[in-house]
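Here is the structure we will look at.
Only a predicted model underlies this, so the values are computations on that prediction, with no experimental measurement involved. In listed order, ligands and their atoms are each counted from 1.
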Amino acid sequence: MKPVCVLGNGQLGRMLRQAGEPLGITVYPVGLDAEPEAVPYQNSVITAEIERWPETALTQELAHHKAFANRDIFPRLADRLPQKQLMDSLGLATAPWQLLSDTNQWPQLFSELGNFVIVKRRIGGYDGRGQWRIRPGDETELPADIYGECIAEQAIPFSGEVSLIGARNKNGDCVFYPLAHNLHQDGILRASVVFPLENYPLRLQHYHLQQQAENMLSAIMHELKYVGVMAMECFIVDDNLLINELAPRVHNSGHWTQNGASISQFELHLRAILDLPMPRPEVTKPSVMINLIGTDINTQWLSLPLVHLHWYEKEVRPARKVGHLNLSHFDKNELKNTLQKLIPMLPSEYQSGLEWAQEKLI
Ligand SMILES: Nc1ncnc2c1ncn2[C@@H]1O[C@H](COP(=O)(O)OP(=O)(O)OP(=O)(O)O)[C@@H](O)[C@H]1O
Ligand SMILES: [Mg+2]
């Protein structure tokens, strides 16, 4: 098995490394400032856990590496402008948007997009950072240097958010997980809930959304000749999906697959980029993922038999993702009971997310 080098050494690289281990795939997550000589990249397949990177000695070396999976796709998706253009060119529904290039645009923007607009940095935003929610009058408070660097998007009154994680191999075969239902607060993912397709409570509606999402993400991955795992975040409006954004990598809303699917998203990505067999992962139980954000580790969580703790060993800082809890069980009441027991074991700001997940487990 070829080794894999991952550009970036955060939690996604760490979890790719963990997924490779049982298969005998050595995965090297590497920091951007690593000395190229110290990284065995020559004979490796290269992937990334981040979407863009500054020029460093290492990234300059890798920029020409022929085994860098999706190398030329990253710049197209890391910038919201070409990403939105891609969706438009494929005729895929997305939140209506415009490039924000001049302060004089505002009257026309409000008339075309409506009186609630979200301004997003084209490059570099994450976890809701680099975004402004703007109603008429608020635009004067925007910093002057964002013009040309942002898009303006219609604020969508969605009934829910879902994401689809899928993978494509060199052959063009695609596989997908069931949709994850996601709760975001202040732009940051707090929790995901997933049902196997077969026993989703609102089966028909769900099949319809799943099919729509798979068609959309297939079209995108085929157009890009993408190889590996890609995530697509969507808003649900009535019975339809609008694409929010794409991520050319393993994704936080797919972390549940570590304990809730026969093949995790991390293993699936390795299989795709190494051109190994890639069957559709089996999902037979409902799953819940709770993100740990700026919260110290609490060994009490481990007293609950259904809890799988994934701790990233990062310094705990406010609003920083430092770990997650995965729960998976055939009986959704068991999941609900565990979520109830977690409430007193987590800071109070988790309560609404835990309750949301319980409600999703109807
Ligand atoms: N057009 C919109 N209408 C309504 N809500 C939105 C819109 N765009 C973003 N949001 C809300 O903000 C959240 C974060 O937005 P988005 O996914 O664009 O940002 P991000 O910072 O890149 O997030 P991520 O960490 O997922 O990369 C969304 O999940 C959604 O809850
Ligand atoms: Mg997002």
Numbered atoms of ligand 1 (with element) below 4.0 Å of [X], judged on heavy atoms:
X	answer
Tyr126	21 (O), 25 (O)
Glu153	1 (N), 2 (C), 7 (C), 8 (N)
Phe158	4 (C), 5 (N)
Gln154	1 (N), 2 (C), 3 (N)
Glu233	17 (O), 26 (O)

Which protein non-hydrogen atom lies closest to [atom], naming both residue and atom, and how far is it?
atom	value
atom 2 (C) of ligand 1	Ile118 CD1, 3.5 Å
atom 25 (O) of ligand 1	Asp127 N, 2.7 Å
atom 19 (O) of ligand 1	Gln131 NE2, 2.8 Å
atom 22 (O) of ligand 1	Arg80 NH2, 2.9 Å
atom 13 (C) of ligand 1	Gly187 CA, 3.9 Å

Between the side chains of [X] and [Y], does any donor sit under 3.5 Å from an acceptor?
X	Y	result
His310	Gln18	no
Asp102	Asn104	yes
His208	Gln212	yes
Gln185	Ser352	yes
His308	Gln258	no

- Should Arg133 be listed as contacting ligand 1, given a heavy-atom distance under 4.0 Å as the test?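 Arg133: in contact with ligand 1 (<4.0 Å).
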- Task: Tell me which part of Asn244 gets within contact of ligand 1: side chain, backbone, both or neither, using heavy atoms under 4.0 Å.
- Result: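 Answer for Asn244: side chain.
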Looking at [X], I want to see if its [atom1] is surrounded by more than 12 non-hydrogen atoms of other residues, nucleotides or ligands under 6.0 Å.
X	atom1	value
Asp331	CG	yes
Gln60	CD	yes
Asn333	CG	yes

Quiz: residues 32-43 side-chain donor-acceptor pairs under 3.5 angstrom, not counting sequence neighbours:
| residue | atom | partner | partner atom | Å |
| --- | --- | --- | --- | --- |
| Tyr41 | OH | Glu61 | OE1 | 2.8 |

- Task: Starting from the Mg ion (ligand 2), look over the N/O/S atoms of Glu245 and name the nearest one.
- Result: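 Distance check against the Mg ion (ligand 2) picks out OE2 in Glu245.
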- Task: Going by heavy-atom distance to atom 30 (C) of ligand 1, choose the closest among Glu245, His184, Lys321, Glu161.
- Result: Glu161
Is there a polar contact, in the sense of an N or O pair closer than 3.5 Å, between [X] and ligand 1?
X	answer
Gly128	yes
Lys120	yes
Ile156	yes

- Could you check Gln108, Gln154, Glu153 and say which one makes a side-chain hydrogen bond (donor to acceptor under 3.5 Å, both in side chains) with Gln98? Gln108
- Task: State yes or no: do Val194 and Phe176 share one hydrophobic cluster built from I, L, V, M, F, W and Y residues joined by side-chain heavy-atom distances below 4.5 Å, directly or via other members?
- Result: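 No; tracing contacts between hydrophobic side chains, which count when under 4.5 Å, never links both residues.
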